[in-house]
Amino acid sequence: MNKNSFLLIVMIAFLVSSEKTIAQDLNFNDAWLFYNDVAEGAEKPDFNDAKWRKLSLPHDWGIEGPFSNNNNARTGGLPSKGTGWYRKHFKMDKNAEGKLVHIEFEGAMYDAYVWVNGNFVGNRPYGYIGFEFEISKHLKFDGSENVVAVRLTPKDLSSRWYPGAGLYRSVWLKVNNPVHVEQWGAYITTPTVSKKLGVIQNETTIVNSTNLDAKVKVTQEYFSPDGKLAAKIDDEITVKANSKEVSGTWVNVKNPEIWDTENPNIYKAVTTVSKNGKVIDTYNSTFGFRSISFTTEGFFLNGKKVRFNGVCLHHDNGALGAAVYRRADERKLQIMKSMGVNAVRTSHNPPSREFLELCDELGLMVLDEAFDVWKEQKVENGYNVFFEEWAERDIKDMVKRDRNHPSVIMWSTGNEIHEQHNKKNGWKVAKMLHEYCKEIDPTRPTTLGMNNFEAPYKMNFAAQSDIAGINYKPTKYGYIHETYPQLALYGSETSSCTSSRGVYHLPIEKYQKHESNHVTSYDLVGPPWAYPPDVEFHFQEQNPNIMGEFIWTGFDYLGEPTPYGGRDNSTNGYWNADWPSRSSYFGAVDLCGFPKDRFYLYQSHWTTKPMIHLLPHWNWKGMEGEEIPVYCYTNVDEAELFVNGKSMGKRVKGKDFTELKVDFLRYEPKIFNSKYRLSWNVPYEPGTIKVVGYKDGKVVNEKTINTAGKPYQVKLSVDRKEIDADGTDLAYVTIRVEDKNGNLCPNADNLVKFSVKGEGNLIAVDNGDQTSLTSFQAPQRKAFSGMCLAILKSSKTSGKIELTAKSKSLKTDKIIVKTN
Ligand code: GAL
C-alpha cells in the first residue's frame, strides 16, 4: 500500500457511493481478536472466538515474552514462535458489491494463511514481504457479518536474530472499481536530472477485471515539494478484457528541486483514471529527482562523490519488538542522522513501508536487502525452506513496492550467502536474483554482502551483481580493488565492535567475554572478525575508491548476543550458554536509543559541526591514585584535559595516537595506533574532569564529567512534548537517576516505578541492559548505568498524558505530554 492509499480508498469509496463510505474499516488495524495457540476450525466463520483477546495492530506476540532460557537467546530469548490466530468480524456496505475488494497485509510474521468466511484465500510464507488477496467473491454485502481469519506459524530456529511474531505491520481493506491501478502499479523514474531540467518517466499499470475492453484516460499530475502543480500529462489507452495494460508517459519539469541527503525534496504524483469522463480511480505516489552512479572510483549522488557513512539496521525497535510504529522508526533514523549517518542497509530483509518513507523524508540513502539466506541453510528452519518456491515472487515484490523511493539506491539480493563459495551453482543463483531485480527496476544496481575471501571473487560469484559488498575485510580492500579492477566496492558490513552503555572495565583489556555478561565501552572488544571503528576509518582513507561503509550496527537489536552465547555466527542451534545475555551488543546506540560512547566516535569522524565527548564516567571509589585511561572523541583540532582544574596536557588530532589492542582475522599486529581518539592516563581523584576543544587555536567546546554523589532524584525528559492523538504516536521519556546537583549517577540501578494518567498509556519500558529479563511491558524498570526509558502511546482522544516516575528514597518526577 502506498503512503496515501488510505486517502485513495476513502476517495474511491466516496466516488462509488457518493454519500457513504463503502467499508467500515479501510485501515484494517483495529478490532482484531487474537489467540496464541493451535485452534482447530478457527478459519470457520461461526467458530466461537468470544473469549479471544481484543487488540489493535500492529501486534507482535513475541515481545510480550516472557524471556526464558527455554527460548533461543539468539532470537532474543523471547517466544517468537508457535501458532497465532487473528480473526476480525466486519460488515461490508451494500454499495461495495460489484467492486473489487482486496485485503492487504504489509507483512505478517510468518507463513500466513488467510481465510474469508471460511474460504481459503491465500498463503504467504516470508514474513517481511507485503501481499494482498482478492476477496470480493467471498464477501457478503447484505449487512451480515464477514469474518477474516489469519493463521501464523513462526518457527523456532528460523532466523539468526529476533524476527517477531504476528500481524506486526498494517492491514488494509481496499475497495476498487474493476478497472483500477494495480498494487504498487505506478512506476516513476527520473531518467534526466539536472538543475535546469528533470524528466519524469511514469509507467502505470492498469488492471481491467471485467469481460469488456476498457478505454480509459490516465492523467498524471506532479506536485513539487511546496504543493504546486509542476507538470501534467494525459494518456489514453485501451485495457483489454481481463488483462493489464501499461500507460507510459514522459514529461518535463523545469528547474526541478533535487533530492539529496541535505535537501530531501519529495514530489507527489497523482494518477487519475477516468472512463467516459467519470473518474474511476485515483492513485497517489511519491518520488524524487536524483541521479546515482556507481563506479570503480566511487559513488556519485547527483554528480557529486559521496561516501557511505552507513549503518546496518535490523527491523526491531527494541522494547516494541517488530511492531511497526512510524514514530519509533523516525526516532531511530533521526538518532542515526545525528551520528552523521547518510545511508542505511536494511539488514537482512525488506523493511516496512514507513521506514522507507522516512528515509525519503530524512534524506537517508537505502540499501534495500531481500534475504539472509538462499537455498543453503544457516539455521534449520530458515528461508531456505521457501526459497525454491517463493524467492522470485518475494524479491520482485520487494523491488516493485520500493522502486519509487528516491532513498533506495541499491537492491541487495543477499547477505553472507553460503552459496558464495559453492563453485557449481552459487553464481547461477546470484545471477538469477540479479536478473529478477533488473526486470522490475533496471535503474538501480544490485549488490550483495560477502564475508568469504577470496572464493566469491575468484569463482565468478561477486561479478554477478553490479556492485560487490565486502563484509569485514578492510585489510583486503586494496588487494581486491587491484586484482578485480572491474568491481565497484564498498564495506557492506564493518567493525562489529561490541559494548554495553556506560560500562567500563579496567584495566583496558581485549577480552573475549567478561564475567559480568557486559562489554566494556572502551570500544575494542568483539568477535574474531571484528575490529574497532578506527581500523575501518583508516582503511577507508587508504582506499578512496571504496564507496564507504555500513557499520554493524547502528542500534542494538534483539537477539544475537555475541560475544555471549555464540562467537561463530553461522552456528545453528541455541545460543543460551551465557544466559541471560539475550540481545546484541553491536550497536553504537543501545536498545533504548541512548547513545553509547561509540556513537560519538562515529560522530567525530562523520560530522563537521564541532563536537566533543569524554569517557569514562568519573566515579571510581576505591581506585584513588590509580591510573584511569580517559578518551576523548572529537572533530576539533586539539583537546586539553583538566582534572580538578589541573591541565593534563593537550592532545592534537592526527598527531597524537591512542594505542588500541586489537586481534582480528587477517591482521597480524596486535596493536593499532589510532589517530581517531585522543587519550590520557590520569590518576583517579574524585571531582571533575573537563576536556576543552580548540579549533584554529580558539576554544570551541568543552565537556565536563563530575564525580556524582548519592542518588537523590529521578529526572524525566521527553523527546516531544506534543504528539498526535491518533492511537499510534509515541513519546519517549528518558529517566535519569541523578544526585542532588543534577549529575548522572553512572552506576545507579534503582528500580523506577511508573504510573500513567490521561489520554495514553505506557506501552514499553527498557534500560538497554542486554541481560535484563524484566518484561518490556512491566510498569517499572531498574536503571542501567543510571538510565532507563518509558514509551508512551497516545489514545485516539486528544488531551494530555501524565507520567509519574517514583523510586524508593528518591525524589519523584513527572512529565506531561499533550496529545492533539
Ligand atoms: C555478520 C552477519 C550479520 C551479523 C554480524 C555480527 O557476519 O552478516 O548478520 O551476524 O556478522 O558480527
Side-chain angles (χ1 to χ4, degrees), residues 72-76 128 157-163 310-316 344-351 367 369-374 376-379 382-384 412-421 447-453 455-456 462 468-474 476 490-499 512-513 519 523-533 535-536 549-573 575 578 581-588 591 598 662-667 770:
N72 198 345
R74 181 185 206 151
T75 48
Y128 295 102
L157 297 172
S158 66
S159 172
R160 294 190 302 111
W161 59 87
Y162 177 77
V311 286
C312 295
L313 290 175
H314 269 318
H315 75 314
D316 73 70
V344 181
R345 174 181 182 225
T346 68
S347 46
H348 307 293
N349 45 262
L367 193 171
E369 190 152 272
F371 307 120
D372 187 47
V373 58
W374 297 345
E376 290 184 31
Q377 82 169 51
K378 289 184 178 172
V379 284
Y383 184 73
N384 46 293
S412 170
T413 58
N415 169 61
E416 298 191 353
I417 293 303
H418 284 188
E419 281 87 339
Q420 66 189 296
H421 37 83
T447 185
L448 38 70
M450 293 166 292
N451 61 325
N452 201 275
F453 182 80
I470 305 171
N471 288 11
Y472 309 105
K473 304 291 172 296
K476 297 293 178 200
Y490 68 103
S492 35
E493 250 178 67
T494 59
S495 183
S496 262
C497 193
T498 52
S499 59
Q512 294 202 344
K513 295 181 187 186
V519 179
D523 294 332
L524 42 77
V525 172
W529 57 92
Y531 46 85
V535 173
E536 183 71 30
E549 63 164 320
F550 290 80
I551 67 169
W552 191 267
T553 44
F555 263 60
D556 275 346
Y557 51 94
L558 293 161
E560 210 181 47
T562 311
Y564 303 102
R567 282 175 60 78
D568 169 6
N569 65 359
S570 64
T571 324
N572 201 349
W575 270 25
D578 296 305
S581 289
R582 49 66 172 165
S583 59
S584 114
Y585 298 74
F586 289 116
L591 207 59
R598 209 144 16 101
V662 295
D663 185 7
F664 65 99
L665 301 173
R666 298 183 184 84
Y667 184 80
Q770 296 100 341

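Just follow the structure's listing: the first ligand is 1, and inside any ligand the first atom is 1.
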Answer with yes or no whether Phe586 contacts ligand 1, where contact means a heavy atom under 4.0 Å from a ligand atom. yes
So, using salt bridge (charged side-chain N to carboxylate O under 4.0 Å, His left out) as the criterion, who are the partners of Glu369 when residues are at least two apart? Arg345
Parallel, tilted or perpendicular: which describes the rings of Tyr531 and Phe664, with under 30° parallel and over 60° perpendicular? tilted
Restricting to side-chain contact (heavy atoms from CB on, under 4.5 Å), what partner residues turn up for Asn452, sequence neighbours left out? Gln420, His421, Ala455, Pro456
Are the side chains of Tyr472 and Arg666 in contact, using a 4.5 Å heavy-atom criterion? no
Are Thr562 and ligand 1 in contact, using a heavy-atom cut-off of under 4.0 Å? no
Check each of Glu416, His314, His348, Glu560 against atom 4 (C) of ligand 1 and report the one with the nearest heavy atom. Glu560
Closest non-hydrogen atoms of Gly469 and Thr447, given as atom of the first, atom of the second and distance, are N-OG1, 3.8 Å
Answer yes or no: does an N/O atom from Tyr557 fall short of 3.5 Å to an N/O atom of ligand 1? no
Roughly how far, to the nearest 0.5 Å, is CG of Leu313 from CG of Leu367? 11.5 Å
May I ask you to list the atoms of ligand 1 that are less than 4.0 angstrom from any heavy atom of Ser496? 6 (C), 12 (O)
For ligand 1, does Trp161 get within less than 4.0 Å through its side chain, its backbone, both, or neither, judged by non-hydrogen atoms? neither
Distance-only N or O hit between ligand 1 and Glu493, under 3.5 Å: yes
Would you kindly specify which portion of Asn451 sits under 4.0 Å from ligand 1, judged on non-hydrogen atoms: side chain, backbone, both or neither? neither
